[in-house]
Colleague: 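This is the structure I have questions about; it appears just below.
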Amino acid sequence: MVRVGLIGFGLAGQAFHAPVIRGVQGMELACILERRGTRAQEKYPDVRVVRTIEELLSDKQIQLCVVATPNDSHYDLARACLLAGRDVVVDKPFAPTLRESEELVRLAAERGRLITVYQDRRWDGDFATVKKIVQSGRLGTVVEYEARFDRFRLEAKANAWRERADQPGAGVLFDLGPHVIDQALVLFGEPRAITASAFCQRESSQVDDAFDVCLEYPRLRAMARARIIAFAPGPHFLIHGTKGSFMKYGMDPQEERLRGENFPQGTDWGADWGVEAESLWGTLSLVGEPSVKVKTERGDYCGFYANVRDAIEKKAPLEVTPEQALRTMRALILAHKSSRERRTVEWNEAAE
């Protein structure tokens, strides 16, 4: 049994970590660090709740620490856990800077501890479907790929740290960028260059609320986009290749259920968990063939923590490796650099 300490009980801790940890057999949510308030105790009366990192780390039976706090605290908290001899999961993004991320990876290796980043969107059903189609070769040589997050929020959220200019790691590129950039890197590997623009669509925004990131390959352009004012969302995935195209609307259903009142409890989430409605299945159009609907693979965020459990127990290799986490951070920081300097940046440039 892997005993887990969850650090932070805001949106990420409540919706994307606590129920998922408890959904994995062989894992126990043993402790939650919530600095103020009573939400953790109300939702999980059987779990110990503490107010400080020192209290959490005093429990020597906690093997895995999960950092689900504002981005500017990721480095200090993850470092403290590593120095205390614990394995660590850090919510995306890894840290506000590549240097801090690299230091955490170095420290984990030095201490012989596991460290990874919560790239849960690799376990989206639609991404699993896209990955399967691309790797099958049915589209031929892929020359254009686009993944986008479209939302419709006309006003910034009051007092939200992600939307404050004085917060390191704020803005939607730091928030959603790690998802769509990581997915593109999983599919296509390191690009040769990045061209990006992070910008504001709302007058009330203090930091970027939309972005375009282009990962440039010899024959492929992989676009990662997000919009905050998109009442009628565009395709979530759009892929063109020499033998055909694939287009998919709609988002994976897991987030909406995890954020709702009837979030899953225990390890039995039901046979319909992560199953997408047929109306949202993507369309595959191949040269010389009629277009067909492609059933979306079943998504399951529990797969991330099941893999972490198996990696800790030496039963399987880690799926989101430290090297991949650093690759995603390099792309993210280079995208910010490209936007800031209004130019294309090479992959091997200094990421700062």
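Just so you know, these numbers use all the heavy atoms, side chains as well, and skip hydrogens, waters and symmetry mates. For clarity, every value in this text was computed on a predicted model and none was experimentally measured.
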Colleague: Consider side chain to side chain donor-acceptor pair (under 3.5 Å). Of Gln183, Glu255, Gln254, which one does Arg121 pass it with?
Modeller: Glu255

Colleague: Quick check: closest heavy atoms across Leu332 and Pro178, and the distance to 0.1 Å?
Modeller: CD2-CG, 4.0 Å

Colleague: Show your reasoning for whether side-chain contact (heavy atoms from CB on, under 4.5 Å) applies to Tyr145 and Leu220.
Modeller: CA-CA 8 Å; Tyr145 167 91; Leu220 163 71; 4.3 Å; yes

Colleague: What do the steps show when you test Gln41 against Thr38 for side chain to side chain donor-acceptor pair (under 3.5 Å), and what is the final call?
Modeller: CA-CA 5 Å; Gln41 198 67 69; Thr38 60; over 6 Å; no

Colleague: Answer yes when Arg202 and Asp209 have at least one side-chain N-carboxylate O distance shorter than 4.0 Å, and no when they do not.
Modeller: yes

Colleague: Taking the side chain as every heavy atom from C-beta outward, state whether Val89 and Leu64 have any atom pair closer than 4.5 Å.
Modeller: yes

Colleague: How long is the gap from CD1 on Ile62 to SG on Cys31, to the nearest 0.5 Å?
Modeller: 4.5 Å

Colleague: How many angstroms lie between SG in Cys65 and CG in Leu33, if you round to the nearest 0.5 Å?
Modeller: 9.5 Å

Colleague: Does Glu341 CD have over 12 foreign heavy atoms under 6.0 Å away?
Modeller: yes

Colleague: Would a hydrophobic clustering, with Ile, Leu, Val, Met, Phe, Trp and Tyr connected at side-chain separations under 4.5 Å, put Ile53 with Leu83?
Modeller: yes

Colleague: Can you list the steps and then say if Phe246 with Thr283 is a side-chain contact (heavy atoms from CB on, under 4.5 Å)?
Modeller: CA-CA 6 Å; Phe246 179 74; Thr283 300; 5.9 Å; no

Colleague: Is it true that Glu144 and Arg219 make a salt bridge, defined as a side-chain N closer than 4.0 Å to a carboxylate O?
Modeller: no

Colleague: To the nearest 0.5 angstrom, please state how far the CZ atom of Arg340 sits from the CG atom of Leu334.
Modeller: 10.0 Å

Colleague: Using side-chain heavy atoms (C-beta onward) and a distance below 4.5 Å, is Phe199 in contact with Asp212?
Modeller: yes

Colleague: Answer with yes or no whether the hydrophobic clustering places Tyr118 together with Leu258; edges join I, L, V, M, F, W, Y residues whose side-chain heavy atoms lie under 4.5 Å apart.
Modeller: yes

Colleague: For a salt bridge (charged side-chain N to carboxylate O under 4.0 Å, His left out) with Glu297, tell me which candidate from Lys131, Arg122, Lys132 qualifies.
Modeller: Lys132

Colleague: Measuring only between side-chain heavy atoms, which start at C-beta, is Leu286 closer than 4.5 Å to Leu139?
Modeller: yes

Colleague: State whether Arg79 and Asp76 are salt-bridged, where the test is any N-O pair (Lys NZ or Arg NE/NH1/NH2 against Asp/Glu carboxylate O) under 4.0 Å.
Modeller: no

Colleague: With distance as the sole test, does Asn307 use its side chain to make a donor-acceptor pair with the main-chain N or O of Pro317 at under 3.5 Å?
Modeller: yes

Colleague: Would you say Cys81 and Leu57 make side-chain contact, with heavy atoms under 4.5 Å?
Modeller: yes

Colleague: Can you name the closest pair of heavy atoms from Leu82 and Leu104 and give their distance?
Modeller: CD1-O, 3.6 Å

Colleague: Given 3.5 Å as the limit, does a donor-acceptor pair link the side chain of Ser205 with the main chain of Asp208, or not?
Modeller: no

Colleague: Judged by atom type as modelled, is there a donor-acceptor pair below 3.5 Å linking the side chain of Ser73 to the main-chain atoms of Pro70?
Modeller: yes

Colleague: Look at atom CG of Asp268 and say whether more than 12 heavy atoms of other residues, nucleotides or ligands are closer to it than 6.0 Å.
Modeller: no

Colleague: State plainly whether the residues Lys243 and Glu289 are in salt-bridge range, i.e. N to O under 4.0 Å.
Modeller: no

Colleague: Distance check, rounded to the nearest 0.5 Å: Asn71 atom CG versus Phe94 atom CZ?
Modeller: 12.5 Å

Colleague: For salt bridge (Lys or Arg N to Asp or Glu O under 4.0 Å), just list the numbers for Arg3 and Glu28, CA-CA rounded to whole Å, side-chain angles, deciding distance to a tenth of an Å, and then say yes or no.
Modeller: CA-CA 5 Å; Arg3 299 184 77 245; Glu28 176 195 351; 3.4 Å; yes

Colleague: For Glu110, I'd like to know if atom CD has over 12 heavy atoms of other residues, nucleotides or ligands within 6.0 Å.
Modeller: yes

Colleague: Should Leu185 and Ile239 be counted in the same cluster of Ile, Leu, Val, Met, Phe, Trp and Tyr side chains packed under 4.5 Å apart?
Modeller: yes

Colleague: Using 0.5 Å steps for rounding, measure from the CG atom of Asp182 to the CE atom of Met329.
Modeller: 12.0 Å

Colleague: Let me confirm one number: the OG1-CZ distance from Thr195 to Arg343, rounded to the nearest 0.5 Å.
Modeller: 10.0 Å

Colleague: Might you point out which heavy atoms bring Ser291 and Ser285 nearest each other, and give the distance in Å?
Modeller: OG-OG, 2.7 Å

Colleague: I'd like to know if Glu146 pairs up with Arg148 as an ion pair, taking the criterion as any Lys NZ or Arg NE/NH1/NH2 lying under 4.0 Å from an Asp or Glu carboxylate oxygen.
Modeller: yes

Colleague: Using a 4.5 Å cut-off on heavy atoms from C-beta on, say whether the side chain of Arg48 contacts that of Ile32.
Modeller: no

Colleague: Do Arg99 and Glu103 sit within salt-bridge range, that is, some charged N less than 4.0 Å from a carboxylate O?
Modeller: no

Colleague: Could you go through the side-chain contact (heavy atoms from CB on, under 4.5 Å) check for Asp150 and Arg225 one step at a time?
Modeller: CA-CA 8 Å; Asp150 283 340; Arg225 303 182 191 272; over 6 Å; no

Colleague: If every non-hydrogen atom of Cys200 is compared with every non-hydrogen atom of Val207, which pair is closest and at what distance?
Modeller: SG-O, 3.3 Å

Colleague: Any donor and acceptor pair, going by atom type alone, linking the side chain of Ser245 with main-chain N or O of Gly241 inside 3.5 Å?
Modeller: no

Colleague: Are Val294 and Leu280 grouped together when hydrophobic residues (ILVMFWY) are joined by side-chain heavy atoms under 4.5 angstrom apart?
Modeller: no

Colleague: Check Phe211 against Arg227 and note the closest heavy-atom contact, atom names and distance.
Modeller: O-NH1, 3.0 Å

Colleague: Identify all side-chain donor-acceptor contacts of residues 6-27 below 3.5 Å with residues at least two apart in sequence or on another chain.
Modeller:
{"from": "Gln14", "atom 1": "OE1", "to": "Lys43", "atom 2": "NZ", "distance (Å)": "3.3"}
{"from": "Gln14", "atom 1": "NE2", "to": "Phe9", "atom 2": "O", "distance (Å)": "3.1"}
{"from": "His17", "atom 1": "ND1", "to": "Tyr305", "atom 2": "OH", "distance (Å)": "2.7"}
{"from": "His17", "atom 1": "NE2", "to": "Asp91", "atom 2": "OD1", "distance (Å)": "2.7"}
{"from": "Arg22", "atom 1": "NH1", "to": "Asp46", "atom 2": "OD2", "distance (Å)": "3.4"}

Colleague: State, yes or no, whether a side-chain contact exists between Gln265 and Tyr44 at a heavy-atom distance under 4.5 Å.
Modeller: yes

Colleague: Are Leu318 and Val186 connected in the hydrophobic side-chain network, where two residues link if heavy atoms are under 4.5 Å apart?
Modeller: no

Colleague: Could you tell me whether Asp175 and Lys92 make a salt bridge, using a distance below 4.0 angstrom between a side-chain N and a carboxylate O?
Modeller: yes

Colleague: Check whether any side-chain heavy atom of Ile194 sits under 4.5 Å from a side-chain heavy atom of Thr344, and report yes or no.
Modeller: no

Colleague: Using a strict 4.0 Å threshold on nitrogen-to-oxygen distance, state whether Arg39 and Glu42 make a salt bridge.
Modeller: no

Colleague: What about the rings of Trp123 and Phe304, do their centers lie closer together than 6.0 Å?
Modeller: yes

Colleague: Could you tell me if the side chain of Arg327 sits less than 4.5 Å from the side chain of Trp347, heavy atoms only?
Modeller: yes

Colleague: Closest heavy-atom contact between Val172 and Ala210?
Modeller: CG1-N, 3.2 Å

Colleague: For the CZ atom on Arg221, are there more than 12 heavy atoms of other groups (residues, nucleotides or ligands in this structure) within a distance under 6.0 Å?
Modeller: yes

Colleague: Between Arg192 and Glu216, is the closest basic N to carboxylate O distance under 4.0 Å?
Modeller: no

Colleague: Looking at Lys337 and Glu349, is there a salt bridge between them, counting it only when a charged N and a carboxylate O are closer than 4.0 Å?
Modeller: yes

Colleague: Is any side-chain N of the basic residue among Glu276 and Lys248 closer than 4.0 Å to the acidic one's carboxylate O?
Modeller: yes

Colleague: Between His240 and Val142, does the side-chain contact (heavy atoms from CB on, under 4.5 Å) criterion hold? Intermediate values first, please.
Modeller: CA-CA 6 Å; His240 297 303; Val142 175; over 6 Å; no

